[in-house]
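Labels below follow one simple rule: chain letters A, B, ... track the order of the sequence lines, proteins then strands, and each chain is numbered from 1. Keep in mind the model is a prediction, meaning the values are calculated, not measured.
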There are 2 protein chains.
Amino acid sequence: MSNVPKISESEWEIMKVIWSQSPLTAEQIVLQLSDKMEWSDQTVRTFINRLLKKKAIGFEKSGRSYLYFPLVSEKECVRAESQSFLKRVFNGAAGIMVTNFLEETDLSQQEIDHLHQILTEKRREKDKGTQA
Amino acid sequence: MSNVPKISESEWEIMKVIWSQSPLTAEQIVLQLSDKMEWSDQTVRTFINRLLKKKAIGFEKSGRSYLYFPLVSEKECVRAESQSFLKRVFNGAAGIMVTNFLEETDLSQQEIDHLHQILTEKRREKDKGTQA
DNA sequence: CTCCAAATATTACATACGTAATATTACACT
DNA sequence: AGTGTAATATTACGTATGTAATATTTGGAG
């Protein structure tokens, strides 16, 4: 279910803008990306069109231009990309992946505490499950 | 530093074989992949050649065939892919990424405990750093 | 109703990738 | 030394991607 299309690296930039706020005109998308990426507006419009063709986004007419909005949720796409990455690089082993990230990344005290807490809770849940 | 070449999804499969054991002949690589992937041996040899061109692997002659070995380490490549993924999907926010994985993935009790322990240690380390 | 400017749509082109087929080279055997 | 076979090298071809340029359409001004 929920078969998300393959979204390329550049297309992800477009999607992130549209997910963060929609609907948006092409003009607005170009604007939002203008300081982050060095893309001509035609390039951005090409990516928008490819995303339309892939059914990742839709549009409705509004006067002279279109208003674009997502057809696939960010959550779905993040899931798909994560699974793909996990499989390709870590043979699907999420535990190893997370371990690796924890060891390679310099997290802040806050983040460490937060993750620690999540795991503490998860541990308790798991325990309850076993108990029952 | 340590500029790793871009390795495609298919090429990753070849690299994983070569990293796990090297040097290997093309024949041996084909064999190791034969049950996992539905690739003709010519396809595998094409990927091997592309990896050679990218300087991801090297070879030395051995009788009638070549023995291939990695020129880039798995660690480097995992790092590069991880950074790329992190940037594309989570805007580089490792904390959010890990949180997301912890919440979306069903980890075993063992894995949870292990991660919990790593974080407990990291927390202590961080604390010591602050203390000084 | 006509015409322009702006928006969308189509076309372009080089490189990467998936997936091989064919061509060439070079051991090993006779 | 010649030859066949197995390895490597080259070529092929369709789709995807990055990066636009050009062509066409159309809403809005006059």
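- For B:Arg64, no side-chain nitrogen or oxygen approaches OP1 or OP2 of C:dA26 to under 4.0 Å.
- A:Glu60 places its CD atom 16 Å from the C1' atom of C:dA7, with the value rounded to the nearest Å.
- Distance from the side chain of A:Ser40 is smallest to D:dA20 among D:dA9, D:dA20, D:dG18.
- Out of C:dA20, C:dC17, C:dA28, the shortest distance to the side chain of B:Glu11 is found at C:dC17.
- Phosphate proximity of C:dT19 to B:Thr46: absent, as no side-chain N or O sits under 4.0 Å from OP1 or OP2.
- Along DNA chain D, the nucleotide nearest to B:Ser65 and the one nearest to A:Arg50 differ in position, and the one closer to the 5' end is contacted by B:Ser65.
- At least one side-chain nitrogen or oxygen of B:Lys54 sits closer than 4.0 Å to the OP1 or OP2 atom of C:dC17.
- Residues B:Gln21 and B:Gln32 bring a donor and an acceptor atom of their side chains to less than 3.5 Å of each other.
- Atom CD in A:Glu27 sits about 16 Å away from atom P in C:dA5, given to the nearest Å.
- You'll find that the side chain of A:Trp39 is closest to D:dT19, out of D:dA9, C:dC17, D:dT19.
- Ion pairing between A:Glu111 and B:Lys122 fails under the 4.0 Å rule for side-chain N and carboxylate O.
- Residue B:Ile48 is not grouped with residue B:Leu71 when hydrophobic side chains (ILVMFWY) are merged at heavy-atom distances under 4.5 angstrom, including chains of intermediate members.
- The distance between atom NZ of B:Lys61 and atom P of C:dT25, rounded to the nearest whole Å, is 12 Å.
- When rounded to the nearest whole Å, the span between CH2 of B:Trp12 and P of C:dA16 equals 19 Å.
- As a whole-Å value, the separation of A:Arg45 CZ from D:dA23 P is 18 Å.
- The separation between A:Asn49 atom CG and D:dT19 atom P is 17 Å, rounded to whole Å.
- Between the OH atom of A:Tyr66 and the C1' atom of C:dA6 there is a distance of 13 Å, given to the nearest Å.
- In this structure, A:Lys53 reaches neither bases nor backbone, as no heavy-atom distance under 4.0 Å exists between it and the strands shown.
- Counting to the nearest Å, the P atom of D:dT19 and the CD1 atom of A:Ile48 are 15 Å from each other.
- Distances shorter than 4.0 Å separate none of the side-chain N or O atoms of B:Ser8 from OP1 or OP2 on C:dA16.
- When each of B:Ala26 and A:Gln42 is assigned the nucleotide of DNA chain D bearing its nearest heavy atom, the one mapping closer to the 5' terminus is B:Ala26.
- When each of A:Lys16, A:Arg79, A:Glu81 is checked for a side-chain contact (heavy atoms from CB on, under 4.5 Å) with B:Val89, only A:Glu81 meets the rule.
- Contacts of B:Phe59 with the nucleic acid, taken as non-hydrogen atoms under 4.0 Å apart, are absent.
- Residue B:Ser10 is classed as a sugar-phosphate contact, given heavy-atom separations below 4.0 Å to backbone atoms only.
- B:Phe47 comes within 4.0 angstrom of a nucleotide base, judged by non-hydrogen atoms across all strands.
- Counting heavy-atom neighbours within 6.0 Å of B:Leu31 CG, excluding the residue itself, gives a total above 12.
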